[in-house]
2 protein chains.
Amino acid sequence: MSNAKALPLLDPGAEPCCPPLTERPLTAEEAVRTAAMFKALGDPVRLRLFSLVASHEGGEACVCDISDVGVSQPTVSHHLKKLKDAGLLTSERRGTWVYYRVEPSVLAAMGHMLGRATA
Amino acid sequence: MSNAKALPLLDPGAEPCCPPLTERPLTAEEAVRTAAMFKALGDPVRLRLFSLVASHEGGEACVCDISDVGVSQPTVSHHLKKLKDAGLLTSERRGTWVYYRVEPSVLAAMGHMLGRATA
DNA sequence: TGTCTATGTTGACGACTGTCGAATCAGGTG
DNA sequence: CACCTGATTCGACAGTCGTCAACATAGACA
């Protein structure tokens, strides 16, 4: 987390994960890992925070810019941490503010599972 | 797996839903609706059941064929109902057995949000 | 150095969720 | 008709989750 690199510095055992859901049944282990990512996006506040970061210019945003989602700031921090734990976001402190950015590889993996990118 | 009909017999307010997450921040309402779908897939058992149905031939499977996910049958039924409530599955009773099938439009919508499926 | 602003952490509370056993409903078969 | 199998619903329980107020930490600036 030193600086900007698109290199997917993946968490322990975070491959492309899984084939499209329409291709083959998931194993128990795959399901556990994948469900964790879906669960991270399964909360309205978290989903909104994630979209705020993902749609921000450069794919990064500081907390001060996305704290307007209707909950208290500790709660925002809590959800941001959950997203980070799920591997969907990475954080970087730059001076006074902390910037969050999306992990594009994980996003693509989830989209691949759902959208059957057979093309 | 070119199913016969892609007809989306939509649930109450089940449009294409939302733009890709990387395009624009979701509104609160969009986030609530979309998070419900992600949450439905946010449980390992449910995700496995869903993949079992989705990957079955014809996109449909009877309960008797997907009950081997490590939990009791009432629990399977419970999760199946959740998936149905979320609009991800539809059920149909055919004689003795009940068949579940995936709702392709919802799958595509989620994939579109995450991975911008292709283009 | 001290103080102020910006984030993250802790502890607690209410609500929801996943799970099971038992009971119930639906349909087929003798 | 009675009976049996498959599937859902009911009631209850433990565990997790989302939320907040209060406190702690990190860095900037005077």
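Chain letters run A, B, ... following the sequence lines, proteins first, then strands; residues in each count from 1.
In terms of hydrophobic clustering, with Ile, Leu, Val, Met, Phe, Trp and Tyr side chains grouped at heavy-atom distances under 4.5 Å, L26(B) and V32(B) are assigned to different clusters. In the hydrophobic clustering of ILVMFWY residues, with side-chain heavy atoms under 4.5 Å counting as a link, Y99(B) and L89(B) come out apart.
Nucleic acid contact class of R46(A) (heavy atoms, under 4.0 Å, all strands): sugar-phosphate only. Residue V45(A) is classed as a sugar-phosphate contact, given heavy-atom separations below 4.0 Å to backbone atoms only. Within 4.0 Å (heavy atoms only), H78(A) reaches at least one base atom of the nucleic acid. Within the nucleic acid shown, Y99(A) has no heavy atom closer than 4.0 Å to any nucleic acid atom. Within the nucleic acid shown, T96(A) comes within 4.0 Å of sugar-phosphate atoms alone, with no base atom in reach, counting heavy atoms only. Note on T75(B): a base of the nucleic acid sits closer than 4.0 angstrom, heavy atoms only.
In this entry the distance linking CG of L47(A) with P of dG18(D) reads 13 Å, nearest Å. Atom CH2 of W97(B) and atom C1' of dA26(C) are 13 Å apart (whole Å). Straight-line distance from the CG atom of L41(B) to the P atom of dT17(C): 15 Å, rounded to whole Å. The distance between atom CG of D85(B) and atom P of dC16(C), rounded to the nearest whole Å, is 16 Å. One interatomic measurement links the two molecules: NZ of K81(A) to C1' of dT19(D), which rounds to 17 Å at whole-angstrom precision. Rounded to whole angstrom, the span from the CD atom of Q73(B) across to the C1' atom of dG21(C) amounts to 13 Å. Look at CG on L80(A): it is 13 Å from P on dT19(D), rounded to the nearest Å. Separating the CG atom of D43(A) from the C1' atom of dT17(C) is a distance of 14 Å, rounded to the nearest angstrom.
Distance from the side chain of V98(A) is smallest to dG8(C) among dA26(C), dT8(D), dG8(C). The side chain of Y100(B) sits closest to dT8(D) out of dT8(D), dT7(C), dC20(D). Of the candidates dC20(D), dT8(D), dG8(C), the closest approach to any side-chain atom of P74(B) belongs to dT8(D). Ranking dT19(D), dG8(C), dT7(C) by closeness to the H79(A) side chain, first place goes to dT19(D). Comparing atom distances between the C62(B) side chain and each of dA7(D), dT9(C), dT7(C) picks out dA7(D) as nearest. Of the listed nucleotides (dG18(D), dA7(D), dG27(D)), dG18(D) has the atom at the smallest distance from the side chain of K82(A).
The phosphate of dT7(C) (OP1 or OP2) has no side-chain N or O of S77(A) nearer than 4.0 angstrom. Look at K39(B) and you'll find a side-chain N or O under 4.0 angstrom from OP1 or OP2 of dT17(C).
Rounded to the nearest 0.5 angstrom, R46(A) CZ and L88(A) CG are separated by 9.5 Å. M113(B) contributes atom CE, which lies 11.5 Å from atom CD of E23(B) (distance to the nearest 0.5 angstrom).
Scanning both residues, R48(A) and A31(B), for their nearest heavy atoms gives CD-CB, 3.9 Å.
Checking each of E92(A), E60(A), K84(A), H56(A) against Y100(A) for a side-chain contact (heavy atoms from CB on, under 4.5 Å) leaves exactly one that passes, namely K84(A).
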